[in-house]
Amino acid sequence: MAPAFAAGPPRRIAAVGWPAAQALLALGVPPLGVTEIRRYEQLVIEPALPPPTLELGLRFEPNLEQLQALAPDLILADASAGGILPRLRQIAPVSLYAWRGPQGVALPQARTGLRMLAAAIGRDAAGEACLAELDATLARAGDQLRPICGRHVFLVAEVLQQRMLMLGGGSLFQSVLDAIGLRNAWTGPTSAFGHALVSLDELAAAPDARLILTGRQGRDWQDLARDPILRHLPFVREGRVTVLPATLFYGGVPSATRLARLLMQHLDSTSV
């Protein structure tokens with residue numbers, strides 16, 4: 001995965017992309033710099049970035065001069081950075097963080113990607129600790145939510161003018177639902193990231209489901225719920241809506257752990 005280093009594992013690592021930054025932090029390695037820090041703090045949230053972290057510009061167009069000045073041992077990126085990889089390699093060795101596989105962003109790929117990264121940077125024990133925390137959190141969530149296991153939920157990342165960005169098969173969050181025992185009400189086709197843009201009228205097909213908002217627009221739910229179509233959907237009309245703090249739905253193991261914990265904190269096991 002990562003280039004071989006004669007002097008030992010790399011210590012000065014810059015992250016191009018949020019999943020890479022999130023994974024490094026979970027392994028106890030603060031990145032030198034991260035792209036779009038302010039949005040990371042709004043949409044990814046945890047693990048939190050320490051104050052010395054430098055801003056590296058846009059995720060798909062990082063500040064190469066800033067990267068050069070940091071003189072990193074390694075630049076950690078992912079497949080979405082494919083177009084700029086040759087330029088990044090002119091600055092430092094580049095490693096691709098494999099947080100998803102060809103079939104989507106499911107937990108098995110996320111686990112493998114974290115283990116590979118941990119091994120590449122000499123943090124194997126930290127990687128196993130992250131995986132142990134994930135397993136323990138999923139187990140606690142399954143126990144706490146057992147009374148509602150088997151119930152249907154819609155898991156929504158964003159609301160976009162008469163449509164919702166729905167998370168389904170092939171998504172990291174689908175894996176979390178499966179591990180806990182909740183059933184996804186959306187069984188339609190999804191993208192390589194496990195999401196689908198669904199019109200509001202399609203949600204009426206599962207009138208008994210609960211709507212769970214996991215994205216940044218959850219904080220604006222009171223305004224969104226005034227939409228004349230949305231407010232007449234059964235789960236909105238009957239108050240079966242749960243708003244979670246923002247969580248990165250393609251963020252790998254740390255995001256899966258966060259979602260499981262938030263579901264425990266915000267889902268009432270007697271009312272789904």
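Note that these values count all heavy atoms, side chains included, but never hydrogens, waters or copies made by symmetry.
Within the structure, salt bridge (charged side-chain N to carboxylate O under 4.0 Å, His left out) contacts touching residues 46-65 (residues at least two apart or in different chains) are E36-R59, E46-R258, E46-R261. Listed by first then second residue, pairs satisfying ring pair (Phe, Tyr, Trp, His ring centres under 6.0 Å) with a partner in residues 58-95 number zero, not counting sequence neighbours.
For Y40, there are no side chain to side chain donor-acceptor pair (under 3.5 Å) partners, not counting sequence neighbours. Contacts of E238 classified as side chain to side chain donor-acceptor pair (under 3.5 Å), with partners at least two apart in sequence or in another chain: R240. Scored by the salt bridge (charged side-chain N to carboxylate O under 4.0 Å, His left out) test, D178 finds no partners at all (sequence neighbours excluded). F173 pairs by the ring-ring contact (aromatic ring centres under 6.0 Å, His included) definition with nothing, not counting sequence neighbours. Not counting sequence neighbours, the partners of S175 by the side chain to side chain contact (heavy atoms under 4.5 Å, CB included) test are A106, L107. Listed by chain and number, the residues in a side chain to side chain contact (heavy atoms under 4.5 Å, CB included) with L54 are Q66, L70 (sequence neighbours excluded). Residues passing the side chain to side chain donor-acceptor pair (under 3.5 Å) test with T190, sequence neighbours excluded: none. Remark: P254 engages Q22, A26, P47 in a side chain to side chain contact (heavy atoms under 4.5 Å, CB included) (not counting sequence neighbours). Among residues two or more places apart in sequence or in another chain, the side chain to side chain contact (heavy atoms under 4.5 Å, CB included) test is passed with A206 by F154, A185, A209.
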Name every donor-acceptor pair, under 3.5 Å, that has one atom in a side chain of residues 115-127 and the other anywhere in the protein, sequence neighbours excluded.
| residue | atom | partner | partner atom | Å |
| --- | --- | --- | --- | --- |
| R115 | NE | E128 | OE2 | 2.7 |
| R115 | NH2 | E128 | OE1 | 3.1 |
| R123 | NE | L27 | O | 2.7 |
| R123 | NH2 | L27 | O | 2.8 |

